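Here's the structure, in structure tokens; my notes come after.
When a residue number appears, it is its place in the shown sequence, counting from 1. Computed from a predicted model, the values in this text were never measured in an experiment.
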Amino acid sequence: MSPKNPIPKILIAEDSEILNNMLRDFFEENGYEVVQAFDGAECKLVFLREQPDIAFIDIQMPKVDGIEALRFIKEKRPRTLVVVMTAWGSEQLAVSAMKAGADDYINKPFNMGDVLSLAVKLLDSRRVGEENVRLKKKVHRTERYLAHLTKIINEALITTDPTGKIQFANRAACDIWGYSLEELKDKDIHFLIRGEARTLLYRDLVRDTMQKGRLGGEFHFRKKDNSTFPGYLSTSVIKDDGRARGIVVVVADLTRLHAIETRLKQSEKLASLGKVVEGVA
């Protein structure tokens, strides 16, 4: 197997040498690595040395009983799966083992196929559970990172549902337009694009974005205090499982850029006027 899918290691702790060896041979035939212990004290030592993925422990062993061995394993390495093996009719012991942390139990005598099926089920369940935890942590880290980005970027970022109702606006959007997030929530996105700006833009920003996939251009927008500002708008469709869930709108405030351009033009005019005056002189 590849390093990503290592061979599962199984600890068999059973004082019956015949049953212990039978289980060893059966699991090895099915591709598992097996380590053995023949009493409870040895079970602890082998566990610490081998760190198995799953342990099959006889609940009644000499020196240290199975319940104590179970508690020891779960305390040292909760990730290790533990199945206790009990004699037929020892349901009370099985219940005690489950309360002590056992992942499952199996009654003797048992079918070898049932033992293998139980091992496969438990290992698969743990793998899926650990993968879900890993993915949730990754998603949580990504969400925190994106949330941080939406706070620190200077561009306005707004998302809507498929009907154009605003679902989210970052800090920059609220600062630029002068509205709070509560004031923007569930409002139609077009109320931010008023008068001449909306006429020059598109009659239906959401519909046209959905049809074309994305839009972009430089326009003037009207703030809450009725003043206007120049900005570059770009939109794109938000998709989930191939379905359009809304649009995202990004607007960069171009006020400072326009002011710089205006000053540059004035400087150019003054420079030209200076040359004219110099020529006249």
Side-chain angles (χ1 to χ4, degrees), residues 139 141-240 242-280:
V139 169
R141 288 196 299 269
T142 302
E143 287 176 343
R144 286 192 300 175
Y145 176 69
L146 292 176
H148 178 65
L149 284 182
T150 60
K151 288 181 180 179
I152 65 174
I153 62 174
N154 293 322
E155 286 76 22
L157 188 149
I158 301 170
T159 63
T160 79
D161 66 11
T163 66
K165 291 183 179 179
I166 296 172
Q167 300 301 299
F168 170 79
N170 69 344
R171 174 196 54 79
C174 296
D175 291 345
I176 290 173
W177 268 279
Y179 292 99
S180 67
L181 178 57
E182 289 72 23
E183 290 176 305
L184 292 174
K185 179 72 173 174
D186 291 326
K187 294 289 194 306
D188 191 302
I189 184 66
H190 296 98
F191 101 99
L192 296 176
I193 308 162
R194 295 174 176 166
E196 183 183 6
R198 180 173 175 181
T199 304
L200 290 174
L201 195 59
Y202 296 93
R203 286 181 298 178
D204 193 323
L205 180 67
V206 179
R207 181 198 62 197
D208 291 341
T209 301
M210 292 290 191
Q211 291 178 350
K212 299 179 181 180
R214 61 180 62 248
L215 298 173
E218 186 175 328
F219 306 97
H220 279 76
F221 302 89
R222 193 171 299 279
K223 300 182 179 182
K224 183 178 180 180
D225 63 7
N226 218 32
S227 62
T228 62
F229 70 94
Y232 186 88
L233 175 144
S234 62
T235 67
S236 58
V237 180
I238 301 172
K239 290 186 177 181
D240 182 22
R243 296 182 59 186
R245 303 295 184 180
I247 69 169
V248 58
V249 180
V250 178
V251 176
D253 189 349
L254 301 179
T255 302
R256 292 183 61 187
L257 181 60
H258 279 210
I260 293 172
E261 290 177 347
T262 300
R263 287 198 294 272
L264 285 174
K265 289 178 181 178
Q266 291 175 342
S267 298
E268 291 172 357
K269 288 181 181 179
L270 289 173
S272 299
L273 179 60
K275 290 180 180 180
V276 171
V277 171
E278 182 182 350
V280 171

Looking at [atom1] of [X] and [atom2] of [Y], how far apart are the two atoms once the value is rounded to the nearest 0.5 Å?
X      : Y      : atom1 : atom2 : answer
Leu184 : Gln167 : CG    : CD    : 11.5 Å
Arg222 : Phe191 : CZ    : CZ    : 13.0 Å
Ser180 : Lys224 : OG    : NZ    : 6.5 Å
Thr255 : His220 : OG1   : NE2   : 8.0 Å
Ile158 : Ile247 : CD1   : CD1   : 9.5 Å
Met210 : Ile238 : CE    : CD1   : 8.0 Å

Tell me, do [X] and [Y] make a side-chain contact under 4.5 Å, heavy atoms counted?
X      : Y      : value
Val251 : Trp177 : yes
Ile166 : Leu192 : yes
Phe168 : Leu157 : yes

Positive for side chain to side chain contact (heavy atoms under 4.5 Å, CB included) with Thr235, one of Thr160, Leu215, Val250, Val248: Leu215
Results of side-chain hydrogen bond (donor to acceptor under 3.5 Å, both in side chains) for Lys165 - residues two or more places apart only: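 side-chain hydrogen bond (donor to acceptor under 3.5 Å, both in side chains) list for Lys165, sorted by chain: empty.
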What is the minimum heavy-atom distance between Asp253 and Pro230, and which atoms define it?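 That closest heavy-atom pairing would be OD1-O, 3.4 Å.
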Looking only at non-hydrogen atoms, find the nearest pair between Ala244 and Pro162 and report the distance. O-CG, 4.0 Å
Quick check on Arg245: does its CZ atom have over 12 non-hydrogen neighbours (other residues, nucleotides or ligands) under 6.0 Å away? yes
Phe229, Tyr179, Tyr232 screened by ring pair (Phe, Tyr, Trp, His ring centres under 6.0 Å) with Phe221, the one that passes: Phe229
Side chain of Asn170, backbone of Glu155: donor and acceptor closer than 3.5 Å?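 Confirmed, Asn170 side chain pairs with Glu155 backbone.
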